[in-house]
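Just below is one structure, and these are the notes that go with it.
Not measured: the values here are computed from a predicted model. First listed ligand is number 1; within each ligand, the first listed atom is number 1.
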Amino acid sequence: MNLRNLFRRNTFEHGVHPQEHKELTSALPIRRLPFAPQLILPLSQHAGAPAVPLVKPGQEVVRGEPVARADGFVSVPMHAPATGRVEAIQLMPSARGPKTPSMLLHVYEGSGQEVLYGSTRDVQRMTPEEIMQAVQDAGMVGLGGAAFPTHVKMKPPPEHTVDTLVVNGCECEPYLTCDHRLMLEQTASLLAGIEIVMRALGVGRCMIGVEDNKLDAVAAIDRLLPADGRISVHAVQTKYPQGAEKMLIESLLGRRVPTGAFPSAVGVSVFNVGTLTAIGELLPLGRGVIERVVTVSGTGVQHPGNYLVPVGTPVRFLLQHAGATPRANELILGGPMMGMSVASLDVPVTKAVSGMVVMEENDTGAGERPVQPCIRCAWCVEACPMHLNPSTLGLLASKHEYTRMAEEFHLNDCFECGCCSYVCPANIPLVQYFRIAKAINREQAA
Ligand code: SF4
Ligand code: SF4
């Protein structure tokens with residue numbers, strides 16, 4: 001297929017165009033990181049109930065062995081990323097802030113990369129229910145950053161009929177290129193994962209959306225597509241937040257997900273390329289998620305790259321390998337638009353961490369841009385992909401009118417993309433206000 005035919009200006013309304021900075025790592029192949037001497041495995045690396053430990057302190061485990069079980073349907077198990085001994089189960093710092101129950105694994109010096117647990121199986125012969133169970137058993141969560149248990153997404157509400165699997169290969173956050181490398185280097189696993197999920201969902205159509213700054217990935221996927229036309233790949237406009245599932249559905253299918261509804265309401269299920277690649281690779285081998293690809297980038301690292309990192313690796317260890325520059329002063333887990341700035345280098349890489357962006361002092365602008373009063377320019381309104389009014393929401397937040405924000409101004413439709421804060425000339429930290437408002441509303445509702 002001619003690439004020109006694939007290139008259409010598929011897009012959504014509003015959004016922003018931050019500097020991409022992807023050139024730092026997009027051409028760097030995935031490299032394996034060695035084991036840290038100690039891994040920190042939070043029992044809650046996913047949305048839903050925390051996993052329940054299956055092992056006790058002092059117990060030896062082998063790489064790939066289940067070490068915690070799922071606690072109910074909306075939960076996933078955990079597997080040992082390395083061979084070693086469980087040291088303790090205790091509270092440890094997390095990227096979210098509060099300490100969280102975590103399993104500490106002392107890694108044996110001689111621990112090899114070979115996975116010692118799991119046995120091969122014929123996924124083709126598995127029923128949709130068996131696939132869903134296998135996906136849960138693998139501890140699979142949305143590896144794009146959401147960390148929502150994947151098997152739950154494979155079971156849409158009975159009142160909705162899903163007809164299309166949408167695959168998110170946009171990777172619209174600046175700096176991040178791990179999905180780009182996966183699409184280039186593990187294309188066959190991605191397509192295998194797509195076939196598995198299509199069977200589990202019972203859908204006959206799959207559309208893969210890739211931003212048009214990654215046409216080499218579009219071409220790599222296009223070369224391996226089956227000839228029957230069930231699966232297609234589409235270049236979508238490079239614009240943030242193209243990778244948000246509601247935006248991507250609008251770009252590819254022209255369907256709008258109603259307020260407060262999930263994509264299944266418009267007949268769609270959205271999966272990230274990282275998740276599908278992991279499913280395609282791990283399910284036939286009967287293995288769990290024990291490592292993931294993380295982009296390490298930013299002006300504050302000497303050796304940026306895409307690293308295959310064991311889950312539980314402390315960011316301090318990752319930073320040592322990437323080499324922090326003397327002026328590095330801010331570390332963000334995820335991308336700079338939606339990621340979290342972390343205060344402790346003892347927090348681990350979890351299944352949800354797609355990137356580690358390290359910035360130098362002058363790049364963060366910390367303390368250089370004072371917050372000014374709103375000048376009613378409406379740039380935030382123009383930028384908001386959810387068609388909200390961030391200016392009014394910001395005003396209400398400053399008056400602590402959080403309930404009104406939700407009831408009259410659709411605060412809960414905000415998915416914290418940060419476009420409004422990004423464009424605001426008055427430097428009002430709008431998205432931070434909205435996070436706080438939502439947290440307070442949640443607390444009051446509990
Ligand atoms: S953070 Fe929320 S309000 Fe701001 S642009 Fe994004 S969706 Fe709109
Ligand atoms: S972009 Fe900032 S200054 Fe402009 S209307 Fe929105 S909140 Fe006010």
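- Pairs passing the salt bridge (charged side-chain N to carboxylate O under 4.0 Å, His left out) check and including a residue from residues 306-326, sequence neighbours excluded, read R316-D346.
- Of all non-hydrogen atoms in M154 and V197, the two that sit nearest each other are CE-CG2, 3.8 Å.
- When only non-hydrogen protein atoms are considered, atom 2 (Fe) of ligand 1 lies nearest to C414 SG, 2.3 Å.
- At least one heavy atom of G418 lies less than 4.0 angstrom from ligand 1.
- Here the protein heavy atom with the shortest distance to atom 6 (Fe) of ligand 1 is C417 SG, 2.3 Å.
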Distance-only check: which donor-acceptor pairs under 3.5 Å involve side-chain atoms of residues 241-249, not counting sequence neighbours?
from	atom 1	to	atom 2	distance (Å)
Q242	OE1	S251	OG	2.5
Q242	NE2	Q237	O	2.8

Under 3.5 Å, side-chain donor or acceptor atoms of residues 382-397 against the rest of the protein: list the pairs with distances, not counting sequence neighbours.
from	atom 1	to	atom 2	distance (Å)
N389	OD1	S391	N	3.2
N389	OD1	T392	N	3.1
N389	OD1	T392	OG1	3.3
N389	ND2	T392	OG1	3.1

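- Residues E330 and S341 have side chains that bring a donor and an acceptor to within less than 3.5 angstrom of each other.
- Around atom 4 (Fe) of ligand 2, the protein atoms of type N, O or S found under 2.8 Å away are C377 SG, listed by chain and number.
- Between H151 and F73, the distance from one ring center to the other falls under 6.0 angstrom.
- The shortest contact between atom 4 (Fe) of ligand 1 and any protein heavy atom is with C420 SG, 2.3 Å.
- Between T177 and E171, the side chains place no donor N or O within less than 3.5 Å of an acceptor N or O (distance only, hydrogens not considered).
- Within the 4.5 Å cutoff, side-chain heavy atoms of C206 are placed close to those of V167.
- Close contacts between ligand 1 and F415 involve ligand atoms 7 (S) [criterion: under 4.0 Å to a heavy atom].
- Coordination check, C384 versus atom 8 (Fe) of ligand 1: passed, since an N/O/S atom of the residue sits under 2.8 Å.
- Residue-ligand proximity, C419 to ligand 1, at heavy-atom distances under 4.0 Å covers atoms 5 (S).
- The shortest side-chain heavy-atom distance between V342 and L331 falls under the 4.5 Å cut-off.
- Shortest non-hydrogen contact noted between H46 and A49 is NE2-O, 2.7 Å.
- When only non-hydrogen protein atoms are considered, atom 3 (S) of ligand 1 lies nearest to F434 CE1, 3.6 Å.
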